[in-house]
There are 2 protein chains.
Amino acid sequence: MNKNKATIHDISKALGIDSSTVSRALNDSPRVSKKTKGKILKKAKELGYQRNSLASSLRTSKTQTIAVVLPRISRHFFARVIAGIEETAHKAGYNVIICQSLDNLEREKKIISTLISNRVDGIMISISMETTNYEHLEAYKKLDKPIVFFDRPCELPNCINVNIDNFQASFDATQHLISRGCKHIVHFSGSQKIELYRQRKAGYIAALEKNNIKINDHYIFESNLSEEDGIRAAKKILRLKNIDGLYSSNDTAAISAMKYFKSKRVRVPEDIAVVGFNNDPISAVIEPSLTTINQPALEIGKMASNLLFEQINNKTKTTKIQFRLLNSELIIRHSSKK
Amino acid sequence: MNKNKATIHDISKALGIDSSTVSRALNDSPRVSKKTKGKILKKAKELGYQRNSLASSLRTSKTQTIAVVLPRISRHFFARVIAGIEETAHKAGYNVIICQSLDNLEREKKIISTLISNRVDGIMISISMETTNYEHLEAYKKLDKPIVFFDRPCELPNCINVNIDNFQASFDATQHLISRGCKHIVHFSGSQKIELYRQRKAGYIAALEKNNIKINDHYIFESNLSEEDGIRAAKKILRLKNIDGLYSSNDTAAISAMKYFKSKRVRVPEDIAVVGFNNDPISAVIEPSLTTINQPALEIGKMASNLLFEQINNKTKTTKIQFRLLNSELIIRHSSKK
DNA sequence: CTGTTAGCGCGTTCAG
DNA sequence: CTGAACGCGCTAACAG
């Protein structure tokens with residue numbers, strides 16, 4: 001009724017029952033009789049009581065909240081990962097905070113700092129492309145709270161990682177192009193400072209070597225994942241006359257290159273094949289014959305959050321798990337704890 | 001160093017300065033000498049102190065956090081809105097919580113409930129398609145905290161709404177098709193229980209009437225925004241032989257219809273024109289000749305958050321604002337306060 | 001099964 | 001400019 005929220009004391013006074021009993025009743029403690037519990041719940045509803053999570057969290061030092069930190073939610077892959085995370089989290093009674101780093105280290109640092117201030121119970125993160133040291137994340141770990149890395153692997157020991165087998169996926173993708181008869185395959189790669197792109201490049205090279213195809217450095221484009229880079233690369237490709245295949249290890253650049261090809265009326269399916277990692281609906285639209293290695297985003301999200309909850313509840317039995325999903329491989333890499 | 005976080009008391013003891021002074025220094029109060037301020041800040045950094053927002057919020061009853069509630073973050077339009085919101089919010093020193101209702105009322109209710117528990121300072125919401133009453137939101141308003149509606153208008157009085165002029169945009173879209181020579185224009189609409197789709201349908205009808213084109217009920221498809229609906233509608237359209245135009249007031253159904261046309265080898269640009277509301281990159285890829293009325297998503301986000309901050313800071317001078325952006329119209333509809 | 005007491009970490013009085 | 005004391009709302013620990 002009033003502008004101020006009802007507290008347990010309001011309902012305590014209204015009923016002549018001590019506030020601690022009210023608190024217990026509201027938490028459905030077995031140590032309160034059904035009768036008084038009923039009275040309390042009724043009064044609570046009547047007064048429009050809603051628990052003050054801040055006070056509760058302050059007391060218990062548990063926020064029932066976990067955070068996902070990732071480059072951008074607009075990428076289809078990440079949106080799917082979030083869906084998977086929310087599904088498991090909500091079932092487990094946790095709230096999820098979503099944070100975008102925009103692949104910017106400074107932003108990521110700030111995010112982690114406010115997550116520390118807000119005392120979230122755990123963090124799942126796909127690190128920014130600029131992240132090469134992990135001090136900000138270690139500050140969080142020092143609080144004895146867990147971090148799970150997904151998609152982009154953490155290069156530190158003692159980290160839990162959830163991702164597909166990037167080497168194998170890359171190998172498969174390249175092999176697929178070779179099997180279709182490609183001999184001159186361009187590779188869109190990312191910065192070699194990042195383990196993820198080293199792994200993917202390695203898979204590409206391994207497949208070529210296995211098929212006795214010469215590795216040509218001019219065919220490998222290192223870039224960040226912007227649309228501009230995709231267009232720039234596309235232009236270069238059109239100048240390399242004999243290209244018959246393209247394997248891109250990132251979807252953003254691949255899609256923008258495809259757009260460029262279209263605008264230049266290059267007939268894509270006959271001339272160039274593209275293999276990307278995500279099942280973004282845009283890739284299905286851009287060219288139906290496009291070949292794609294999908295990452296099982298939903299499963300990655302579920303897996304990552306489940307591992308996080310295991311950590312939060314100190315079920316430390318996390319060991320190396322590994323299994324296949326669809327066309328790609330989901331790996332949980334885990335080195336011993338503390 | 002320790003597993004436990006440093007508090008202001010730790011730094012208070014370490015320095016022999018009272019914790020209240022430490023608190024003031026950390027909040028950059030002018031009532032602390034620069035000298036002691038310096039000492040305190042240094043020690044704070046040394047101990048790895050990070051403010052406990054929970055305690056701070058509990059004390060001040062301000063969380064410095066606002067929430068965005070919307071159907072799904074994966075829709076390009078919403079992702080852009082979020083970008084706009086985050087930009088303004090971070091500048092203003094606020095954190096942003098993103099929540100997906102998945103167009104499900106029960107979920108929306110639960111979200112609002114936990115936002116109340118977490119005492120966020122304000123909410124911006126694009127209501128779910130199932131939302132026809134606003135009790136859950138009124139519970140929040142009773143705490144004297146502001147709500148701003150965007151995209152999907154709230155049908156209650158005394159609400160702040162940020163959206164384009166849907167009637168006009170619809171009118172323009174339909175007029176555009178008519179100007180291109182279309183006489184038999186199909187309209188994809190949403191549930192007429194929702195004001196948004198009523199407005200859009202009204203704009204379509206108004207344009208036809210102005211051009212003396214007969215309104216044909218068979219040309220109007222009411223559906224929710226699923227992909228399945230798009231395909232279902234596409235099939236029906238192919239049966240209506242003389243259709244020469246399609247005006248869709250939602251992008252999801254339009255895009256999936258376009259996909260279907262493509263798969264059936266119907267040559268889209270000559271046979272059917274599509275007009276949608278969003279600047280989703282997917283629509284640019286699906287068919288370059290596609291005509292689109294864009295919603296200025298980024299601006300909507302900025303506008304909505306700015307209005308929210310005005311409310312939070314009790315600058316109640318919000319009056320009717322109205323201006324044009326790009327091809328569409330951005331309206332803030334606002335009826336008098338309290 | 002219920003009441004009493006104390007304190008989570010911080011900010012804000014009110015004194016000096 | 002700084003210190004002492006209190007309380008935000010809730011729950012854990014200890015009584016009874």
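Just so we're on the same page: letters track the sequence lines, and every chain starts at 1.
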For this session: In whole angstrom, give the distance that lies between atom CG of B/L58 and atom C1' of D/dC10.
Result: 8 Å

Exercise. Which part of the nucleic acid does B/R24 contact within heavy-atom distance under 4.0 Å: base, sugar-phosphate only, or nothing?
Worked result: base

For this session: Just say parallel, tilted or perpendicular for the rings of B/F309 and B/Y94, cut-offs at 30° and 60°.
Result: tilted

For this session: For B/L54, report the nucleic acid contact type (base, sugar-phosphate, nothing); a contact means any heavy atom under 4.0 Å.
Result: nothing

Exercise. Between atom NZ in A/K62 and atom C1' in D/dA12, what is the gap in whole Å?
Worked result: 13 Å

Exercise. Rounded to whole angstroms, how far apart are CD on B/Q50 and C1' on C/dG9?
Worked result: 15 Å

Exercise. In terms of side-chain geometry, is the basic nitrogen of B/E299 or B/K302 positioned less than 4.0 Å from the acidic oxygen of its partner?
Worked result: no

For this session: Look at the side chain of A/S56 and decide which nucleotide, out of D/dC10, C/dG11, C/dG9, has an atom nearest to it.
Result: D/dC10

Exercise. More 5' along DNA chain D: B/V32 or B/A55, using each one's nearest nucleotide?
Worked result: B/V32

Exercise. Is there a donor and acceptor pair, one atom on the side chain of A/S20 and one on the base of C/dT4, closer than 3.5 Å?
Worked result: yes

For this session: Mind checking A/D18 for me? I need base, sugar-phosphate or nothing, with any heavy atom below 4.0 Å counting as a touch.
Result: base

Problem set entry | Under 4.0 angstrom between B/N27 side-chain N/O and C/dG11 OP1 or OP2 | yes

Problem set entry | Rounded distance (Å) that lies between atom C1' of C/dC10 and atom CG of B/L26 | 10 Å

Exercise. Across the strands shown, which category fits B/S33 at heavy-atom distances under 4.0 angstrom: base, sugar-phosphate, nothing?
Worked result: sugar-phosphate

Exercise. Thinking salt bridges, do B/K42 and B/E46 make one under a 4.0 Å N-O criterion?
Worked result: no

Exercise. Below 4.0 angstrom, N of the basic side chain to O of the carboxylate: do B/E138 and B/K141 qualify?
Worked result: no

Problem set entry | Atom-to-atom span, CD1 of A/I11 to P of D/dT11 - whole angstrom | 12 Å

For this session: Could you tell me the separation between the CG atom of B/N52 and the P atom of C/dC8, rounded to a whole number of Å?
Result: 12 Å

Exercise. Do any side-chain nitrogens or oxygens of A/S23 fall under 4.0 Å of OP1 or OP2 in D/dT11?
Worked result: yes

For this session: Using a heavy-atom cut-off of under 4.0 Å over every strand shown, decide if B/T60 touches base, sugar-phosphate, or nothing.
Result: sugar-phosphate

Problem set entry | Salt-bridge criterion met for B/D103 and B/R152 (N-O under 4.0 Å) | yes

Exercise. Rounded to whole angstrom units, what separation is found between the NE2 atom of A/H9 and the P atom of D/dT11?
Worked result: 10 Å

Exercise. Which comes earlier along DNA chain D counting from the 5' end, the contact point of B/R119 or that of B/T36, where each point is its nearest nucleotide?
Worked result: B/T36

For this session: Could you pick out which residue, A/I17 or B/R31, lies toward the 5' side of DNA chain C when each is mapped onto its nearest nucleotide?
Result: A/I17

Exercise. Could you state the CD-C1' distance from A/Q64 to D/dC10, rounded to the nearest angstrom?
Worked result: 15 Å

